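A quick note: this is a predicted structure, and the numbers were derived from the prediction, not measured. Because only heavy atoms are used, hydrogens play no part in the values below, and waters and symmetry mates are left out as well, while side chains stay in.
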Amino acid sequence: VGVSGVPESMCDRVFCKYSFRYDPDGRWYKTPETHGEQSPIWNYEKQFLLNDLSSDVIECFADEPVFIFEVFGLRRRQ
């Protein structure tokens with residue numbers, strides 16, 4: 001997971017939150033924060049175990065986004 005082009009004014013603290021769209025518990029995960037980087041790469045991995053997937057669900061994975069990513073860039077307080 002990585003991002004590029006975070007404005008310099010917003011890169012005091014940068015992190016990414018992400019979720020597996022079909023997680024029945026609606027959990028969100030967060031990368032470690034970086035500081036002062038406009039194009040951080042987190043090399044973060046998360047493995048999801050999915051049991052008993054129907055062919056309809058597998059087909060849906062091919063047609064629709066499976067993950068939701070949100071990137072946050074926070075500026076330093078003055």
Side-chain angles (χ1 to χ4, degrees):
V1 174
V3 65
S4 63
V6 176
E8 187 175 347
S9 64
M10 301 298 291
C11 68
D12 183 54
R13 293 174 38 214
V14 180
F15 60 93
C16 177
K17 287 177 58 177
Y18 62 96
S19 177
F20 177 60
R21 183 176 177 180
Y22 301 99
D23 183 348
D25 297 324
R27 294 171 289 199
W28 283 84
Y29 302 90
K30 180 180 173 276
T31 64
E33 291 182 4
T34 62
H35 300 277
E37 294 185 46
Q38 289 182 274
S39 300
I41 297 175
W42 290 282
N43 291 325
Y44 190 78
E45 295 180 17
K46 176 73 178 164
Q47 185 174 9
F48 294 89
L49 177 62
L50 307 171
N51 295 316
D52 304 320
L53 294 178
S54 69
S55 59
D56 291 338
V57 171
I58 293 171
E59 188 174 315
C60 182
F61 285 178
D63 295 335
E64 296 181 23
V66 178
F67 291 97
I68 301 166
F69 292 91
E70 295 181 349
V71 175
F72 295 84
L74 306 175
R75 69 177 75 187
R76 181 173 293 142
R77 291 186 179 183
Q78 311 240 0

Would Y18 and V66 show up in the same hydrophobic cluster when neighbours are defined by side-chain heavy atoms closer than 4.5 Å? yes
Correct closest heavy-atom pair for V3 and V6 would be CG1-CG2, 4.0 Å
Cluster companions of F72 among Ile, Leu, Val, Met, Phe, Trp, Tyr (side-chain spacing under 4.5 Å): F15, L74
Looking at NZ of K30 and CD of E70, how far apart are the two atoms once the value is rounded to the nearest 0.5 Å? 13.0 Å
Can you give me the closest heavy-atom contact between R75 and S9, atom names plus distance? CB-O, 3.0 Å
Heavy-atom pair with the smallest gap, counting every atom of V14 and E37: CG2-O, 3.8 Å
Among the clusters formed by ILVMFWY side chains lying less than 4.5 Å apart, do V71 and I41 turn up in the same one? no
With no hydrogens and no angle check, is any side-chain donor or acceptor of R13 less than 3.5 Å from a backbone partner on E33? no
Hydrophobic cluster identity match, W42 and Y29, side-chain contacts under 4.5 Å: yes
Within 6.0 angstrom of E8 CD, more than 12 heavy atoms from elsewhere: no
Would you confirm whether H35, through its side chain, and D12, through its main-chain N or O, come within 3.5 Å as a donor-acceptor pair? yes
Should F69 and F61 be regarded as members of a common hydrophobic cluster, given that ILVMFWY residues are connected when their side-chain heavy atoms come within less than 4.5 Å of each other, either directly or indirectly? yes
